[in-house]
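Worksheet: the structure to be examined is printed underneath.
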Amino acid sequence: MTLENACLVDLPHVQDERGSLSFIEAEKHIPFEIRRVYYLYGVMPGASRGAHAHKELQQLMVALAGSLDVELDDGHRKLTFHLTNPTQGLYVPSGLWRDLRNFTPDAVCLVLASMHYSEDDYYRDYQDYLSVARSKG
Ligand code: TYD
């Protein structure tokens with residue numbers, strides 16, 4: 001996959017006098033079935049997360065509170081997305097290296113994932129990742 005396959009997705013939101021509500025329906029707002037949900041929070045100042053790529057896993061990342069930067073890398077190019085709005089998600093297809101940085105102290109990042117956790121699905125070494133990504137063109 002290349003960076004062109006990553007995109008920001010506008011999520012439905014319903015606002016009334018009580019406040020706001022957003023929702024995400026699998027295979028409608030995102031192109032995969034949701035097999036796992038996790039969330040990142042309480043990230044220490046200056047700490048980064050991610051630093052890996054997935055072989056098959058697809059994800060949607062949403063900053064439910066606060067903000068963070070997600071840098072995506074397809075082995076040729078890098079692009080940074082600033083997530084700050086709970087009505088917008090970042091669709092991350094398989095095969096992209098990601099680094100998550102600049103979390104505000106209140107940041108809560110929701111991640112919807114297409115597969116159960118499997119360490120076999122990870123590239124955790126950047127040089128290994130680069131040689132695979134570049135060999136695919
Ligand atoms: P890690 O991949 O380092 O997190 P991040 O991508 O945010 O930097 O995962 C940290 C630990 O949590 C690691 O031991 C694997 C475990 N983990 C699970 O058991 N299940 C999960 O769904 C996730 C995302 C991680």
Side-chain angles (χ1 to χ4, degrees):
M1 285 291 177
T2 65
L3 278 178
E4 280 72 40
N5 302 104
C7 61
L8 288 168
V9 178
D10 288 322
L11 302 170
H13 58 281
V14 184
Q15 193 149 6
D16 61 25
E17 64 284 355
R18 296 168 297 174
S20 302
L21 179 155
S22 281
F23 55 92
I24 303 165
E25 293 186 10
E27 293 168 302
K28 186 168 170 191
H29 305 114
I30 51 176
F32 59 86
E33 218 180 295
I34 299 164
R35 302 296 300 280
R36 178 163 54 105
V37 176
Y38 67 94
Y39 33 97
L40 303 169
Y41 54 98
V43 177
M44 292 296 167
S48 56
R49 303 211 56 132
H52 61 249
H54 287 283
K55 297 172 187 170
E56 299 293 337
L57 186 79
Q58 305 172 66
Q59 293 172 312
L60 186 85
M61 300 180 180
V62 185
L64 292 185
S67 68
L68 67 143
D69 291 329
V70 182
E71 183 186 85
L72 298 179
D73 176 348
D74 62 8
H76 300 279
R77 228 159 49 85
K78 296 180 184 188
L79 196 56
T80 298
F81 295 87
H82 183 61
L83 302 187
T84 186
N85 186 341
T87 68
Q88 207 171 46
L90 175 63
Y91 170 66
V92 183
S94 60
L96 301 183
W97 189 269
R98 83 286 317 273
D99 287 292
L100 283 60
R101 304 195 182 97
N102 301 327
F103 286 81
T104 56
D106 59 341
V108 179
C109 181
L110 174 75
V111 184
L112 306 181
S114 64
M115 293 163 50
H116 291 166
Y117 178 79
S118 165
E119 192 57 37
D120 291 344
D121 188 61
Y122 281 71
Y123 295 105
R124 290 198 183 269
D125 182 276
Y126 187 60
Q127 294 309 320
D128 287 351
Y129 168 72
L130 276 187
S131 49
V132 173
R134 289 181 177 169
S135 70
K136 289 180 180 168

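Counting starts at 1 for both ligands and their atoms, following the listed order.
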- Item | Sidechain-backbone polar pair: Ser22 side chain, Pro12 backbone, donor-acceptor under 3.5 Å | yes
- Neighbouring protein residues of ligand 1 - any heavy atom closer than 4.0 Å: Arg36, Tyr38, Leu40, Arg49, Gly50, His52, Tyr117, Tyr122, Arg124
- Query: What about the rings of Tyr91 and Phe81, do their centers lie closer together than 6.0 Å?
  - Reply: no
- Task: Describe, in one word, how the ring planes of Trp97 and Tyr129 are oriented to each other, choosing from parallel (under 30°), tilted (30 to 60°) and perpendicular (over 60°).
- Result: tilted
- Task: Flag the pair Glu71 / Arg98 as yes when at least one side-chain heavy-atom distance between them is below 4.5 Å, and no otherwise.
- Result: no
- Note on the structure: The reported gap from CG in Leu8 to OG1 in Thr87 (rounded to nearest 0.5 angstrom) is 10.5 Å
- Centroid-centroid distance, His54 to Tyr122, less than 6.0 Å: yes
